[in-house]
Structure formats: structure tokens, C-alpha cells
Amino acid sequence: MEVEQRREAIKHVKELLAEPVEILVVDDCPVQAELLRYILENQKYLVSIARNGQEALDKLEERRPTLVISDIAMPEMDGFELCRQIKAVDRFKDLPVIILTSLNDLSHVMQGLKCGTDNFISKPYSAEFLLSRIRHVLMNQGLRKTRPHQMGMEIFFDGQKHFIKSDRVQILDLLISTFEGAVEKNKALEEANRELIKARDLLQRQTEELMALSLRDGLTGLYNRRAFMTLAEHQLKVAERTETSLLLMFIDLDDLKAVNDLYGHAMGDRVLVATANILGTVFRQSDLVARLGGDEFVVLYLCSNADAPEAVVERLQKRLRQYNACPKEHPNNLSLSIGFAWYNPGCPVPLEELLQEADDMMYAQKKAKKQGVGYPSPSDLATPPSGKGMLH
């Protein structure tokens, strides 16, 4: 008996596939309806459209389609009521009805079972999934025609009693379609999640790049004023906690205006970059080196021992001599004026005060150079025993 029923089902499916498949689309949204028409007609299905439930019932009286695809949310008559009215008519009770749903309400499953819905397709859907469900419904239609009709059953769902008239195959088909719809939606969510992760990673990289740009001087690549003020404040707090001495060096490039006036700003920029490169080779990565703007540079130097300041100034002077020893490559001699200020963790002072102190000393040195008067040398540098003070 089972084999014979299967043969009958296969025969019926072949008959269905041999004839043109006519599909009635019921949707009050013209855009969604036309999108469905486009997908279905590309597969050689014959498509007609009804804008509401009543128009769909009128079209059924004129011509019976192979199946009906209806949206749920429509004015006056929703998709479930349309399905119920279709199944209530003897000559239409075996007409397959597919409901389009977002599946965001568990009651939709029970409503679909009660009104005799044959299949759910969850929105948004892919064209491939939609077409596979249509083929599945057409094949199951033949299978149900060979099965004896079930009178119905009572079930409890969500605290309520429901009487279901659908036969077992129809119930199973509907529940499977619901599960497949959920799987399809889960795949879409996973894909959306992957895209969100990609977008997040891209945004993070762009944020890091923007942050780097906002903290770096565009010409020299050193930290800019904004970055220095933020990072230096943090360094002072760490030095106070760890009782570590710091040396602030305020560095001014001598005669940059004359270079710009004589050779142009492009040469002036080259001199600024050269100065930054020299500072980068003299100081350590743990030191904070920045260009405050124009021809002004600043360094916050971690002093690990008493002779560290003298050693670093000697290295700086040596690098300047090496640079100036190649007039063919560097036609402009580099000359720097430097002011110093100590940060004593035993008597901490604000960063602005340290900058002002070092700046004052730098201008005093620059003035002394112009007047041909001596100014502090590396051997004059010594860590004050307490408090703060300009190096003499």
C-alpha cells in the first residue's frame, strides 16, 4: 500500500511539473509583489498579483492557480484569514498556500496550523530559498493527495487548547518549513554578524590610524604638542609614584627663519626633519620626544643615573657635528639652543611650570650665543639635591 501511494505521489508531481505552474501572489506592498513576480517569472512560472485578500478570493473564482503565496500583514484581511477562507471551500482545500512571515511571533506557527497553511517562508528570504520551498510544496501536494484524510486533533500550545484540522503530512511539512526558515534566518544573521565584525575591525583600524595622525606631527613624525602634554602629564605622575627624576629639555632650532628666507620653506622643512631624525637617534624609545610647533622641540628624559644628562647632551652635540661635517649633503649648519628643567619627585611641580622654566633657559642660552657669552655646557649639568631649579 505504501509503495503504491508513493507511486501515485510521484505520478502526480510529474503531472504538476509537466503543466505550467501558476502562482497567485497576494501582497499589498507593490514593491514586494513586483520583486516576487520578477523572481518567479525568471523561473518560467506564470504569476498574477492581488493587492489584498478579497481581491485574491475574486481571482480564485476566475481561475484556480497552482499555489498561492501571501503576505501576513494586509489591511482588512490578513494572510491567515485568507488561507482559512481558501481552505474552507471544498474545491480549494487542497490548494497549497505559502505564508510570508518574519517568524518573530511563536503564535504564527499555531495560526498557520489552524488555518491550514502549507508552508512558511521567513522574511527576508533569498531567491534560492524561496524557489526551493515552492518546489518542495509542489512535491508534497502530490504526496498528500495519496494519503487518507485526517479528521483533526486537539493540542495545547502556549497555555491554550487548539483544534488542528491539518493532516499529519501537512503539519510535518509546515513545521519543517518553520525550522528551515529559522535556519535560513540564522544563516543570514551569522553572515550579518561576520560583516559587522569586518566593519568593526575596519573601524578600529581607521580609529587607530586617526588617533595616530592626531598624536603625530605631520612633517617630522614626532609626537605633537597635544600628545606630549597628555603623555608627559602621565609620565610625571608615574615618576612621582616611583620616585624617579626626569629632565625636561626645551630645544629650539636656531636661525630657521633665515633658512626659509634664503632657500625657501622646502629647505626649512628638510632642516626640521633632519633635526627630528637626530633627536630620534640620540634619545631612547622610553624618552618622550615631540615637536611643539614651528622650530620648537621638547624632550622628557628619564634619568637613571647622575651623569645621564651630561652623556645625552654630549651625544646630541656629537650628532650635530657629524651632520654639519657634510656641507655637500647639508649646506645649512644645524644649531640648537637648549634649556633644561628638573622634575624632582620629592617636590613635584606642574608640567606647565617645567616647560616655562626650560623655555626661559633656552632663550637665555640663545641670547648668550648671539652676544658671544658662555652658556651652560654638559659638565654644568647636575641633579639638584631637592626641589626644582634651572641648571646653571
Are side-chain heavy atoms of V271 and Y263 found at a separation under 4.5 Å?
no
Quick one: closest heavy-atom pair of I69 and I134, and the distance?
CD1-CD1, 3.9 Å
Are any non-hydrogen side-chain atoms of K87 and F92 less than 4.5 angstrom apart?
no
What side-chain donor-acceptor pairs closer than 3.5 Å can you find for residues 32-51, not counting sequence neighbours?
| residue | atom | partner | partner atom | Å |
| --- | --- | --- | --- | --- |
| E34 | OE1 | R37 | NE | 3.2 |
| N42 | ND2 | Y38 | O | 3.4 |

Looking at Y223, is R291 sitting on its ring face, NZ or CZ under 6.0 Å from the six-membered ring centre and within 45 degrees of the normal?
no
Under 4.5 Å between any side-chain heavy atoms of Q85 and L57, yes or no?
yes
Does R319 reach the main-chain N or O of Q322 with its side chain, forming a donor-acceptor pair under 3.5 Å?
no
side-chain contact (heavy atoms from CB on, under 4.5 Å), that's the test. Do L279 and F297 meet it? Break it down for me.
CA-CA 9 Å; L279 295 178; F297 298 84; 3.8 Å; yes
So how far is it from F250 CZ to M361 CE, rounded to the nearest 0.5 Å?
13.0 Å
Do you know which two heavy atoms are closest between L222 and A276, and how far apart they sit?
CD1-CB, 3.6 Å
Please round to the nearest 0.5 Å and tell me the distance separating atom CD1 of I98 and atom CZ of F120.
11.5 Å
Derivation of the side-chain contact (heavy atoms from CB on, under 4.5 Å) call for N52 and V26:
CA-CA 6 Å; N52 55 62; V26 189; 5.9 Å; no
Should V68 and I23 count as side-chain neighbours, where that means a heavy-atom distance under 4.5 Å?
no
Do we see a donor-acceptor contact under 3.5 Å between the side chains of E352 and Q356?
no
What distance do D261 atom CG and M267 atom CE have between them, rounded to the nearest 0.5 Å?
13.5 Å
Measure the shortest side-chain to side-chain distance between I251 and V298 over non-hydrogen atoms and say whether it is less than 4.5 angstrom.
no
Full working for side chain to side chain donor-acceptor pair (under 3.5 Å) between K367 and S337
CA-CA 9 Å; K367 182 178 179 180; S337 295; over 6 Å; no
Note, I338 side chain near M362 side chain (heavy atom, < 4.5 Å)
no
Taking A258's backbone N and O only, do any of them form a donor-acceptor pair with D255's side chain (distance below 3.5 Å, no angle check)?
no
N/O donor-acceptor pairs under 3.5 Å from side chains in residues 229-242, not counting sequence neighbours:
| residue | atom | partner | partner atom | Å |
| --- | --- | --- | --- | --- |
| T230 | OG1 | R226 | O | 3.1 |
| T242 | OG1 | V238 | O | 2.8 |
| T242 | OG1 | T244 | OG1 | 2.9 |

Heavy-atom check, side chain of D252 versus side chain of L336, under 4.5 Å
no
Please determine whether side-chain contact (heavy atoms from CB on, under 4.5 Å) holds for the pair V299 and L288, giving the CA-CA distance in whole Å, both sets of side-chain angles, and the decisive distance to 0.1 Å.
CA-CA 5 Å; V299 179; L288 196 56; over 6 Å; no
Identify the heavy atoms of N260 and G268 that sit nearest to each other, and give their distance.
OD1-CA, 3.2 Å
If you look at every heavy atom in M74 and D71, which pair is closest and at what distance?
CE-O, 3.6 Å
Within the structure provided, determine whether E314 and K318 are in side-chain contact (heavy-atom separation under 4.5 Å).
no
Under 3.5 Å, is there a donor-acceptor pair between the side chain of D118 and the main chain of V97?
yes
Quick one, L247 with Y343, criterion side-chain contact (heavy atoms from CB on, under 4.5 Å). Give me CA distance, side-chain angles, the key distance, then yes/no.
CA-CA 6 Å; L247 181 65; Y343 178 79; over 6 Å; no
Output yes when a side-chain donor or acceptor of D359 lies under 3.5 Å from a complementary backbone atom of L355, and no otherwise.
no
The ring pair (Phe, Tyr, Trp, His ring centres under 6.0 Å) partners of F80 (sequence neighbours excluded) come to H108
Just how far is it from atom CG of L354 to atom CG of L248, taken to the nearest 0.5 Å?
6.0 Å
Nearest 0.5 Å, what's the CG-CG distance between L219 and D217?
5.5 Å
Please test K366 against D360 for salt bridge (Lys or Arg N to Asp or Glu O under 4.0 Å), starting from the C-alpha separation and ending with a verdict.
CA-CA 10 Å; K366 188 180 290 285; D360 290 343; over 6 Å; no
Which heavy-atom pair separates A73 from D28 by the least distance, and what is that distance?
O-OD1, 3.5 Å
Inter-residue atom distance L95.CG - K93.NZ, 0.5 Å rounding
13.0 Å
Between P96 and T66 the two heavy atoms that sit nearest each other are CD-O, 3.3 Å
The salt bridge (charged side-chain N to carboxylate O under 4.0 Å, His left out) partner of E22 among K59, R64, R63 is R63
